[in-house]
Amino acid sequence: MTNAVIKTMEVCRYFGEGETLVKAVEQVSITIEPGEFTAIIGPSGSGKSTLLHLVGGLDNPTSGVVELSGTNIANMSGAQISDFRRDHIGFVFQAYNLIPVLSAEENIEYIMLLQGIAGPARRQRVQEMLELVGLNDLGSRRPNQLSGGQQQRVAVARAMASHPDIILADEPTANLDSKTGIALLDVMKDLNETHNMTFVFSTHDEKIMSRASRLIHMEDGAVVHDERR
Amino acid sequence: MLIMKLALRNLFRNTRRTILTVLLIGCSLSALILTDAVLLGMVDVMIESLTKTLSGEAQVHRQGFTDNYDIDLYMPESASIESTLENDPSVAAYASRVISGGMISSSYNVGAGLIYGVDADQERHLSKLAAAIIRGHYLQDSNDILIGEPMAELLEIKLGDRVVITQAEANTGELSQALFRVAGIFKFGVRELDSNIVFIHISQARKILGISQGSHEIAILFHDVSSADLDPTGLLSSLTNDTTEALGWRALNKDIAAMLEMSNYSSLIVGAILFFLASLGVINSMFMSIYERIYEFGVAKAIGTRPFDLFRLIMVEALFLALLSCIFGVLVGALLGEWYATNGIPLGEMEISGIAMNNNIPTVLAWHQFTNFPAYVILLVLTAALYPARFAANIIPTDALHRSL
């Protein structure tokens, strides 16, 4: 019996066929335990984002098994996998994470609305999440009235709001200046330490690597080094 | 509620595009409302012209009379029918007529036509004969005759001139003649009537035909024209038996009724064309809106938005677009329709299928234009949005996330 948040077994993801076949992910078997602050690193085209999409249920593997909290997500239908992502996975992308016509509060509320949480409970949790990421006073602002770092914090708050098992972050600091990036990472690290939230990053940002408790090195679609600190 | 808010805000992300789309759909709706209002107005004018010029909204004849206007097929008991009509509250006016073919001779020429023997008083309330007189006066003296302008020209006669009517007597077929003095020249504006009919007193017509009582036709006007449609429990049915038949204007003028019926399809055709064009605009607008938001949809799906949720969002946006368009279209349609209902659309004098149209055509606004047509618009916009909505629902998050960054 395992309590791993993520477990992949010989996962492969190929694109194209014949002479144009690209092996984006090749025979990757990894296990992510609860509370880890993991960075998947490697050069561009090494397959780190593809692996992140596979473990996040955004893409289906060509072969192999992807288990999230003990559930094989490889063969789920469109609605099933949507529900699974909504309830078990939080996402933070590189940029443009938020729905531009909704305020910060409404962006956070949106995911709870999808979960069917009642209005008062939603609004209370929105305030809690905004407080968690230090944006209590900016809840009514729309994304275009927030800085890049503030937008990413709202994205983290939204990811946390659904009580996920894990937060997957794809190059979350890529569009931020150094200072803002550090501030965002400090928030995420704090959530990791205080709430035991599991984070997995796809990145080549040194700041993330230095804070990560585990580094998974990828090259040409394969894991070449797995280092726990 | 958040979905509604999201849909409404999404709609006004690109205000110019939304306004243009609303204008496109709304103007199509206004155009359809106006088209239908004009057609209804035209039909009303045609029916009024057809029924109130001379023929009435219904007529009672002896069975078989209208087949070939046989003068022997008159109704000897017409007085009892008149009595029935007199006591029926749905009847606004009626007029008894003796109709026969004959020859009209002047000192210079001879013409053939229908001689209408009419009750001057009854006829004044039923037809436009009195109003159609352009020279002279209405029937007064017993030997007065009213002649259409073209026939007067043919016979080369003027007011006060004498004409002789020659025709066969009923029952015997013997030739009979009578002298009349031209009291008035009329012009209905319908060439068929103006060229072929003369009017004399009904008593004179009976005398020439050698019948003491009865008539060939009783024309009827109702307070409500719908009473003219044959109803098994209505007046016309009660007047129809083995010897007489009472027919509404539709049954008497089958060709024209069919033509008017076809005008209903005109709205349908215009609506289909307008809505087809509008639906292309809707699809285009919705797709542009979706393509601009593909990355956003990718993120939305990644965080757990179901395909159906996205489908529903696009459909709600389409619903708001349709509602805004309907409000605009109904307002413009109602304002223009009301203005033309008061002032009419000037078409000049013309004749369509033997029906004189001398007046401006006032548009007729009806409830179905403001209930059914907007409902069709909403249905159309929602149908047109199905394809874009399905497209949005089927967006693959990984493709979308790679696409727009």
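We name chains A, B, ... by the order of the sequence lines, and we start the count at 1 in each one.
For a residue to count as touching a neighbouring chain, one of its non-hydrogen atoms must lie under 4.5 Å from one of that chain's; by this rule R306(B) touches chain A with backbone and side chain alike. Residue I89(A): no heavy atom, backbone or side chain, is found under 4.5 Å from chain B. Using a 4.5 Å cut-off between heavy atoms, L114(A) contacts chain B through its side chain alone, with no backbone atom that close. Neither the backbone nor the side chain of R122(A) has a heavy atom closer than 4.5 Å to any heavy atom of chain B. Neither the backbone nor the side chain of S77(A) comes within contact range of chain B; no heavy atom of the residue lies under 4.5 Å from a heavy atom of that chain. Interface residue Y110(A): backbone and side-chain heavy atoms are both found under 4.5 Å from chain B. With a 4.5 Å cut-off on non-hydrogen atoms, P100(A) touches chain B through its backbone and its side chain both.
Under the salt bridge (charged side-chain N to carboxylate O under 4.0 Å, His left out) test applied with E317(B), the options R9(B), R293(B), R13(B) reduce to a single match, R293(B). Of the candidates D36(B), T35(B), T363(B), D36(B) is the only one forming a side-chain hydrogen bond (donor to acceptor under 3.5 Å, both in side chains) with Q369(B).
Side-chain contact check for R85(A) versus L58(A): some heavy-atom pair is nearer than 4.5 Å. The closest side-chain heavy-atom distance from V55(A) to V200(A) is not below 4.5 Å.
Looking only at heavy-atom pairs under 4.5 Å with chain B, the residue among D170(A), D87(A), I99(A) that has the most is I99(A). With respect to chain A, the highest number of heavy-atom pairs below 4.5 Å among D309(B), V299(B), I303(B), N10(B) belongs to I303(B). Of the listed residues (T50(A), D83(A), D59(A)), the one with the most heavy-atom contacts under 4.5 Å to chain B is D83(A). Among E106(A), Q80(A), H88(A), the residue with the largest count of heavy-atom pairs under 4.5 Å with chain B is E106(A).
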| task | Given side-chain hydrogen bond (donor to acceptor under 3.5 Å, both in side chains), test Q151(A) with N97(A) step by step and report yes or no. | result | CA-CA 8 Å; Q151(A) 287 183 38; N97(A) 270 293; over 6 Å; no
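Taking the six-membered ring where tryptophan is involved, the planes of F93(A) and F91(A) are essentially parallel, since the angle between them stays under 30° and well short of 60°.
The ring of F391(B) has its center closer than 6.0 angstrom to the ring center of F287(B).
The number of heavy-atom neighbours closer than 6.0 Å to OH of Y387(B), taken from other residues, nucleotides and ligands shown, is 12 or below.
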